[in-house]
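Order of the sequence lines sets the chain letters (A, B, ...), proteins ahead of strands, with each chain counted from 1.
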Protein chains: 2
Amino acid sequence: MRYTISQVAEKFDLTAHTIRYYDKEGLLPFVERNKAGNRQFSDKDFDWLKLICCLKNTGMPIKQIKLYIEWCLQGDETLEMRRQMYLDHRTEVIKQMNDLQENLKTIDYKLEFYDTICNIPVNADKLSAGK
Amino acid sequence: MRYTISQVAEKFDLTAHTIRYYDKEGLLPFVERNKAGNRQFSDKDFDWLKLICCLKNTGMPIKQIKLYIEWCLQGDETLEMRRQMYLDHRTEVIKQMNDLQENLKTIDYKLEFYDTICNIPVNADKLSAGK
DNA sequence: AATTGACTTAGAGCTAACTCGAAGTTATAG
DNA sequence: CTATAACTTCGAGTTAGCTCTAAGTCAATT
């Protein structure tokens, strides 16, 4: 099956503009064109896009994703670099998760405070960020 | 105890520039000045800054943080709005954590693949993002 | 009295990641 | 044959969040 840019946009919850931007930035060098010059996405391209979205949504900059894709196209000589990239990125993602969990504690603490004070709205914090 | 902007920057791993930027954006209306016009941070301000960093690091836009701080200074009439903001933000943070966890699976799957292929570097994926 | 260093403001500049508009091409429906 | 819709490129514009520079103030040291 072949898909147009707007079908892909729909499927990945992106805009066609964004997909063209990704292409321009070198993230989609493998996408083929028909005689009219229109992009023709294949199911194989969907795997690439899923991966690109995964890396993007975990905070990897587009330039680094581009680099990774270049490595993939270069072949086996870049295998170890790619593996190392995933190792480093995994560490980053774990850190993000830990940071979120830590910050969630603060938010939950605040919520406890507001849940209490909103039922008994007396003597609330006007100028204090604590408690 | 009173602290200068550079001491605060050091403590919160920000630059003095960034702190002035936050002040300009309305995040630090409570910070006092000495006769020379220099900012004088107190321990109470540290609580505010911790909270601001928490919200910022969980993806809350600076404009919304500013709004929250305005609400705090307005007093009890905004208690319910503040509580609702924390509820909404909590949902956001949980979503971020779930998304990260989901994406981490993809990364771990990739790592498994690269761990295998890097020990037996034969027939690697040259043009496929899958498997 | 002069130098040094840390602060001040105002405002310009930067980067990432889009986001949009203009002008043009092509395939299909009427 | 023409109108419409969906695509194309190019390049300008936008937004968030800084980041930096210039020019100036002020307190403390030499």
Side-chain angles (χ1 to χ4, degrees), chain A residues 1-42 45 48-70 89 92 96 99 103, chain B residues 1-42 45 48-49 51-69 89 92 96 99 103:
Chain A
M1 258 305 263
R2 302 279 132 170
Y3 308 87
T4 66
I5 197 167
S6 52
Q7 289 173 316
V8 176
E10 166 95 332
K11 186 170 165 67
F12 284 91
D13 202 28
L14 301 167
T15 68
H17 279 306
T18 301
I19 295 173
R20 285 191 206 103
Y21 165 70
Y22 287 169
D23 196 3
K24 191 160 59 177
E25 292 301 306
L27 265 47
L28 310 172
F30 40 78
V31 173
E32 297 185 350
R33 306 292 184 117
N34 61 17
K35 302 148 233 160
N38 295 8
R39 290 171 187 81
Q40 279 194 141
F41 292 80
S42 69
D45 295 340
W48 280 108
L49 266 166
K50 266 179 232 159
L51 181 62
I52 286 166
C53 287
C54 166
L55 296 175
K56 190 203 62 166
N57 292 334
T58 47
M60 184 178 288
I62 279 174
K63 278 180 187 172
Q64 200 186 329
I65 301 176
K66 173 198 160 92
L67 191 59
Y68 167 75
I69 285 167
E70 283 169 359
H89 192 54
E92 256 306 302
Q96 288 180 48
D99 289 353
N103 284 321
Chain B
M1 258 307 263
R2 301 281 132 169
Y3 309 86
T4 66
I5 197 167
S6 52
Q7 288 172 315
V8 176
E10 164 96 332
K11 185 171 165 67
F12 284 90
D13 202 27
L14 301 167
T15 68
H17 280 305
T18 300
I19 294 174
R20 285 191 204 102
Y21 165 70
Y22 288 169
D23 197 3
K24 192 160 57 178
E25 293 300 307
L27 264 47
L28 310 171
F30 40 78
V31 173
E32 297 185 348
R33 307 290 185 119
N34 61 16
K35 302 149 233 159
N38 295 9
R39 290 171 188 82
Q40 279 193 141
F41 291 81
S42 68
D45 296 340
W48 279 108
L49 267 165
L51 181 61
I52 287 166
C53 288
C54 166
L55 296 175
K56 190 203 62 165
N57 292 334
T58 48
M60 186 179 287
I62 279 174
K63 279 179 187 171
Q64 199 186 331
I65 301 176
K66 173 197 160 92
L67 190 59
Y68 167 76
I69 286 167
H89 192 55
E92 254 307 300
Q96 287 180 48
D99 288 354
N103 285 320

Is there side-chain contact between [X] and [Y], with heavy atoms separated by less than 4.5 Å?
| X | Y | value |
| --- | --- | --- |
| B:Asp99 | A:Asn57 | no |
| A:Ser42 | A:Met1 | no |
| A:Glu70 | A:Leu67 | yes |

### Query
Nucleotide range of DNA chain D contacted by chain A, 5' to 3', under 4.0 Å to a heavy atom?
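First and last nucleotides in contact are D:dC7 to D:dG11.
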### Query
Would you say B:Glu10 has more than 12 foreign heavy atoms packed within less than 6.0 Å of its CD?
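At most 12 heavy atoms, drawn from other residues, nucleotides or ligands, come within 6.0 Å of this atom.
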Please list, by residue number, the residues of [range] whose heavy atoms come closer than 4.0 Å to an atom of DNA chain C; answer none if no residue qualifies.
| range | value |
| --- | --- |
| residues 31-39 of chain B | B:Arg33, B:Gly37, B:Asn38, B:Arg39 |
| residues 12-25 of chain A | A:His17, A:Thr18, A:Tyr21, A:Tyr22 |
| residues 1-8 of chain B | B:Thr4, B:Ile5, B:Ser6 |

### Task
Please round to the nearest 0.5 Å and tell me the distance separating atom OG1 of B:Thr18 and atom CD1 of B:Ile5.
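Those atoms lie 9.5 Å apart.
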### Message
Return the NZ to CG distance between A:Lys35 and A:Asn38, rounded to the nearest 0.5 Å.
### Response
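If we round to the nearest 0.5 Å, A:Lys35:NZ and A:Asn38:CG are 11.0 Å apart.
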### Task
Could I get the full list of salt bridge (charged side-chain N to carboxylate O under 4.0 Å, His left out) partners for A:Glu92, not counting sequence neighbours?
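In terms of salt bridge (charged side-chain N to carboxylate O under 4.0 Å, His left out), with neighbours along the sequence ignored, A:Glu92 is linked to no residue.
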In a table with atom names and distances, give each donor-acceptor pair under 3.5 Å that connects a side chain of residues 20-32 of chain B to protein atoms at least two apart or in another chain.
| residue | atom | partner | partner atom | Å |
| --- | --- | --- | --- | --- |
| B:Tyr22 | OH | B:Lys56 | NZ | 3.3 |
| B:Asp23 | OD2 | B:Arg39 | NE | 2.7 |
| B:Asp23 | OD2 | B:Arg39 | NH2 | 3.3 |

### B:Pro61 backbone acceptor or donor facing B:Gln64 side chain under 3.5 Å
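It does not hold such a pair.
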